[in-house]
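Reading through the structure tokens given below for one structure.
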Amino acid sequence: MAQQWRGVLREYADRLNITDATPIVTLGEGGTPLIPAPALSARTGAKVWVKFEGMNPTGSFKDRGMTMAISKAVEHGAKAVICASTGNTSASAAAYATHAGITAAVLVPEGKIAMGKLSQAIAHNAELLQVQGNFDDCLDIARDLAANYPVHLVNSVNPDRIEGQKTAAFEVVEVLGDAPDFHFIPVGNAGNYTAYTRGYTQDLEVGNASRLPRMFGFQAEGSAPIVRGEIVRHPDTIASAIRIGNPASWKLALEARDATDGYFGAIPDAQILEAHRILSAEVGIFVEPASAISVAGLLERSEAGQIPAGATVVLTVTGHGLKDPQWALRAADGSDVKPTVVPVDTAQIAGVLGLGAA
Ligand code: F0G
């Protein structure tokens, strides 16, 4: 019988900070596809691959960090975990906590998280509170609660999260045989940017890779504190997952940028949505808007002449399109997409489809 993928803690046990005493809480995360994207290669002249993290059990990359954070929390005897979230972390924390038989409390900005993510957290039995503030307010409170009450923090300020998330870089190196030249990634708290840099650095140190990729991170223009170099008090973007004005891993991200000859850029919402359409319609990968910023960032840097022909480029797309599907039903001009309605009539339908005569 073929053995199935065992989740990142078991697959990479020798490269992670776990011991025999660590109870492994897994839903089979990781092992996500690295998909060649000929349409993006044709547009840019680079060799473009997409790391599709929407294929994780709860539909986002957060599961890689959450298997680690919840396993460690259980190892340390935690009965309850807490996180602040723009949606995906809460969905993941809720699923892994309930699988482990412990409680997840989640704080989300009221009315600001995608319906799919809200549904996931509730379905998985989280104590979900909608806070009348933004994500940054939620994170401040979650940190406060973890410091003063018997509840374990599973946001990416918890190093276990970054530790688990670095496994995505291991997978990229395994498939390509080396690190890529460039790695493009969305940035909110900058935890994942930091995690990939750690994974690639570890692969370089042990000789699995011969170089580090240049790490290119992108924030939405209305929510770009790292690019601007200052906290954004009222971050705003349609990419709700990365609507963050005071990133938790800001300092680590700047160190990672400097270590990799990296870059941070800001992308307007209109370009995020255009990239979302290109990825869905030309490559066949459906993501949530925040994830499409990797594609938008590549197109922008390519147009700026910053991506040499033939360079190997990996784009991480972080969350599944089904979490926040409404954007696909909006046309490029902003109008609603209304699928054509037809009667039960083969000939008429053939006509509408332009199939000619039978
Ligand atoms: N993409 C998606 C889909 C996300 O949900 C997030 C973060 C990011 C990118 C950015 O990753 O924070 O490591 O830089 N979502 C967090 C959450 C904030 O609560 O789900 P980062």
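Note that ligands are numbered from 1 as they come in the structure, with each ligand's atoms numbered from 1 the same way.
What sits closest to atom 18 (C) of ligand 1 on the protein, heavy atoms only, is Thr86 OG1, 3.4 Å. Distance from atom 12 (O) of ligand 1 to its nearest protein heavy atom, with residue and atom name: Asn189 N, 2.7 Å. Among protein heavy atoms, the minimum distance from atom 15 (N) of ligand 1 is reached at Lys62 NZ, 2.9 Å. The nearest heavy-atom contact from the protein to atom 11 (O) of ligand 1 is Phe61 CZ, 3.5 Å. For atom 4 (C) of ligand 1, the closest non-hydrogen atom of the protein is Ala241 CB, 3.5 Å.
Taking the ring centre of Phe264 as origin, the terminal cationic atom of Arg257 falls outside the region bounded by 6.0 Å and 45° from the ring axis.
Which parts of ligand 1 touch Gly191 is read off a 4.0 Å heavy-atom cut-off, strictly below it: atoms 13 (O), 14 (O), 21 (P). Heavy-atom proximity to Thr89, at under 4.0 Å, picks out these atoms of ligand 1: 16 (C), 17 (C), 19 (O), 20 (O). The atoms of ligand 1 that sit less than 4.0 Å from any heavy atom of Ala190 are 12 (O), 14 (O), 21 (P). Atoms of ligand 1 found under 4.0 Å from any heavy atom of Ile242 (numbered from 1 in listed order, with element): 8 (C), 9 (C), 10 (C).
Aromatic ring pairs are classed by plane angle as parallel below 30°, tilted from 30° to 60° and perpendicular above 60°; the pair Phe218 and Phe184 is parallel. Ring orientation note: the planes of Phe216 and Phe182 are nearly perpendicular, at an angle over 60° on the 30°/60° scale.
Nearest heavy-atom pair across Asp137 and Gly133 is OD2-CA, 3.4 Å. Shortest non-hydrogen contact noted between Trp5 and Gly28 is CD1-O, 3.6 Å. In this structure, Gly30 and Asn56 approach most closely via the heavy-atom pair N-OD1, 2.8 Å. Nearest heavy-atom pair across Glu110 and Gln130 is CA-OE1, 3.4 Å. Ser223 and Ile242 make their closest contact through OG-O, 3.1 Å (heavy atoms, listed as atom of the first residue, atom of the second, distance).
Looking at ligand 1, you won't find any N or O of Glu288 less than 3.5 Å from one of its N or O atoms. Residue Gly188 has at least one N or O atom closer than 3.5 Å to an N or O atom of ligand 1. Considering both main-chain and side-chain atoms, Val187 never comes within under 3.5 Å of ligand 1 through any nitrogen or oxygen pair. Here's the thing with Asn88: one of its N/O atoms is less than 3.5 angstrom from an N/O atom of ligand 1. For ligand 1, the polar-atom distance check against Thr318 finds a nitrogen or oxygen pair separated by under 3.5 Å. Taking distance alone, with nitrogen or oxygen atoms compared against 3.5 Å, Asn192 approaches ligand 1 more closely than that limit.
Remark: Glu29 engages no residue in a salt bridge (Lys or Arg N to Asp or Glu O under 4.0 Å) (not counting sequence neighbours).
Electrostatic pairing of Asp203 and Arg15 counts as a salt bridge here, judged by a charged N lying under 4.0 Å from a carboxylate O. Here Arg211 pairs with Asp181 in a salt bridge; the nearest charged N to carboxylate O distance falls below 4.0 Å.
Here salt bridge (charged side-chain N to carboxylate O under 4.0 Å, His left out) pairs that include residues 67-85, with residues two or more places apart or in two chains, are Lys72-Glu75.
Within the 4.0 Å heavy-atom shell around ligand 1 one finds Ile244. Residue contact check for ligand 1: Ser60 places no non-hydrogen atom closer than 4.0 Å to it.
Neither the backbone nor the side chain of Lys117 comes within contact range of ligand 1; no heavy atom lies under 4.0 Å. With a 4.0 Å cut-off on non-hydrogen atoms, Ser85 touches ligand 1 through its backbone as well as its side chain.
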